[in-house]
Amino acid sequence: MPELPEVETIAQGLREAVGRRIVGAEVRWARTIAAPDPTVFVQRLVGRRLLGVGRRGKWLVIRLEGGDHLLIHLGMSGRLVLEPEGVGEERYARVLLMLDDGRRVRFSDPRKFGRAVLTVDPEEVLEGLGPEPLGEAFTPERLREMLAGRRARLKPLLLNQRFLAGLGNIYTDEALWRARVHPLRRSDTLSGEEVLRLHRAIREVLAEAIDRRGTTLEDRGYVGADGRPGTFNRELAVYGRVGRPCPRCGTPIERIVVGGRGTHLCPRCQQA
DNA sequence: AAAGCACCCTGTACGC
DNA sequence: TGCGTACAGGGTGCTT
């Protein structure tokens, strides 16, 4: 699933197309377009030049000439690929943007959970998001305050985009493992030392994953905008590694369900 | 505020 | 071989 590092990787790849003009657009699955109406969506895109590509949490923010912003959330199975001219059709293509150099931006999404929004005011979509985990404002002290003001279990809290923007199931489990805290720990019970470890773990795991261009699991197919897979899966300590030894202590990794989400942990390193 | 659940989707795994 | 069913998962919305 595309989480912060995957979306960041895609944003970087998409910057390749900055300066190009959209000469055509096609919506093949109307519900992928959250707003405006798909017909209006296409009308407003065509003729616009791409001015910049950014990211906020798991949202991709594409700034367009004329003041519009194309926001894209990849959901679970979304891919955004900048493809050269002459590439064949793809079964799961939901939205296509034709560029003036012949290339196309293809938004593919087998499970149809992804969404695109065209808006002049991105804040309208993004304002509810929590802080950027890699941003300057996300300090250990800030995290301490955030955690102290809540009393939820860590795992669902870290997955909550209104609390912190960008973590998904993979990096939440990896960060908790690195910090050596249990996913069921209540947020307001962490010691100062544990908060520091968690803060550091979140930032390090995300930064390393960006360096590796994200995580591509064998059974799922995330790829960057250039079509290349990420390699952070080689660094995963717990996610999808049930029964395999903890890289730190050798204890077999366990899987529990928290808030309906599969959750991976080392029962020895991460004591409840 | 926290937590549980249904829902949106479909590929895959699994039992028969 | 093929069918039915459960499940995964990000996010939203509703209910308790």
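Every chain is numbered from 1, with letters handed out A, B, ... down the list of sequences. Being a predicted model, the structure only gives us computed values, none of them experimental.
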So does [X] get a side-chain nitrogen or oxygen closer than 4.0 Å to the phosphate oxygens (OP1/OP2) of [N]?
{"X": "A:Y239", "N": "C:dG9", "answer": "yes"}
{"X": "A:Y92", "N": "B:dC9", "answer": "no"}
{"X": "A:R150", "N": "B:dA1", "answer": "no"}
{"X": "A:R111", "N": "C:dG10", "answer": "no"}

Compare the minimum distances between each of B:dC9, C:dG10, B:dA1 and the side chain of A:R151, then state the nucleotide with the smallest one.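 Out of B:dC9, C:dG10, B:dA1, the nucleotide with an atom closest to A:R151's side chain is B:dA1.
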
So, does the side chain of A:R115 form a donor-acceptor pair with the base of C:dG11 at under 3.5 Å?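 For A:R115, whose side chain was compared with the base of C:dG11, there is no donor-acceptor pair (under 3.5 Å).
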
Please check if atom CZ in A:R248 has more than 12 non-hydrogen atoms from other residues, nucleotides or ligands closer than 6.0 Å.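 Yes, the 6.0 Å shell around CZ holds more than 12 heavy atoms from other groups.
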
Has A:R28 got more than 12 heavy atoms of other residues, nucleotides or ligands less than 6.0 Å from its CZ?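 Enclosed: over 12 neighbouring heavy atoms sit under 6.0 Å from CZ of A:R28.
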
Base, sugar-phosphate, or nothing: which does A:G260 touch, judged by heavy atoms less than 4.0 Å apart?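 No contact.
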
Would you mind reading off the distance between [X] atom [atom1] and [N] atom [atom2], rounded to a whole angstrom?
{"X": "A:R186", "N": "B:dA2", "atom1": "CZ", "atom2": "C1'", "answer": "10 Å"}
{"X": "A:L4", "N": "C:dG10", "atom1": "CG", "atom2": "C1'", "answer": "14 Å"}
{"X": "A:E6", "N": "C:dG9", "atom1": "CD", "atom2": "P", "answer": "14 Å"}
{"X": "A:K112", "N": "C:dG10", "atom1": "NZ", "atom2": "P", "answer": "20 Å"}
{"X": "A:H73", "N": "C:dG10", "atom1": "NE2", "atom2": "P", "answer": "9 Å"}
{"X": "A:R261", "N": "B:dG4", "atom1": "CZ", "atom2": "C1'", "answer": "12 Å"}
{"X": "A:D109", "N": "B:dC8", "atom1": "CG", "atom2": "P", "answer": "16 Å"}
{"X": "A:L74", "N": "C:dG9", "atom1": "CG", "atom2": "C1'", "answer": "14 Å"}

A:E65: which of A:R20, A:R21, A:R44 passes salt bridge (charged side-chain N to carboxylate O under 4.0 Å, His left out):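 So the option named by the test is A:R21.
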
Is a salt bridge present between [X] and [Y], judged by a nitrogen-to-oxygen distance below 4.0 Å?
{"X": "A:E132", "Y": "A:R55", "result": "yes"}
{"X": "A:R197", "Y": "A:E204", "result": "no"}
{"X": "A:R241", "Y": "A:E235", "result": "no"}
{"X": "A:R180", "Y": "A:E194", "result": "no"}
{"X": "A:R106", "Y": "A:E90", "result": "yes"}

Within the side chain of A:D173, is there an N or O that forms a donor-acceptor pair under 3.5 Å with the backbone of A:H264?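 Flag set: sc A:D173 to bb A:H264 pair under 3.5 Å.
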
Let's go through A:V46 and A:F41 carefully: what are the C-alpha distance in whole Å and the side-chain angles of both, what is the deciding distance for side chain to side chain contact (heavy atoms under 4.5 Å, CB included) to 0.1 Å, and is it a yes or a no? CA-CA 9 Å; A:V46 174; A:F41 178 84; over 6 Å; no

Does anything in residues 116-127 of chain A reach DNA chain B, meaning a heavy atom under 4.0 Å, and if so which residues?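 When residues 116-127 of chain A is checked for heavy atoms under 4.0 Å from DNA chain B, there are no hits whatsoever.
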
Counting only heavy atoms and a strict 4.0 angstrom limit, can you tell me which residues of residues 152-167 of chain A come near DNA chain B?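 The stretch gives A:A152, A:R153 as the residues lying under 4.0 Å from the strand, ordered by number.
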
Does A:W59 or A:R255 map to a spot on DNA chain C nearer the 5' end, using the closest nucleotide for each?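 Its nearest nucleotide lies further toward 5', so the answer is A:R255.
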
Considering the terminal five base pairs at each end of the helix from B:dA2-C:dT16 to B:dC16-C:dG2, what angle separates the two local helix axes, rounded to 10°?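 The end axes of the helix from B:dA2-C:dT16 to B:dC16-C:dG2 are about 50° apart, to the nearest 10°.
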
From CH2 (A:W177) to CG (A:L265), nearest 0.5 Å: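 Reported to 0.5 Å precision, the distance equals 12.0 Å.
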
Can the ring centres of A:H73 and A:F113 be said to be less than 6.0 Å apart?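 Judged by ring-centre distance (under 6.0 Å), A:H73 and A:F113 do not meet the cut-off.
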
Return the stacking result for C:dG10 and A:F113: yes when the ring centres lie under 5.5 Å apart and the planes under 30°, no otherwise.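 According to the criterion (under 5.5 Å, under 30°), yes, A:F113 stacks.
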
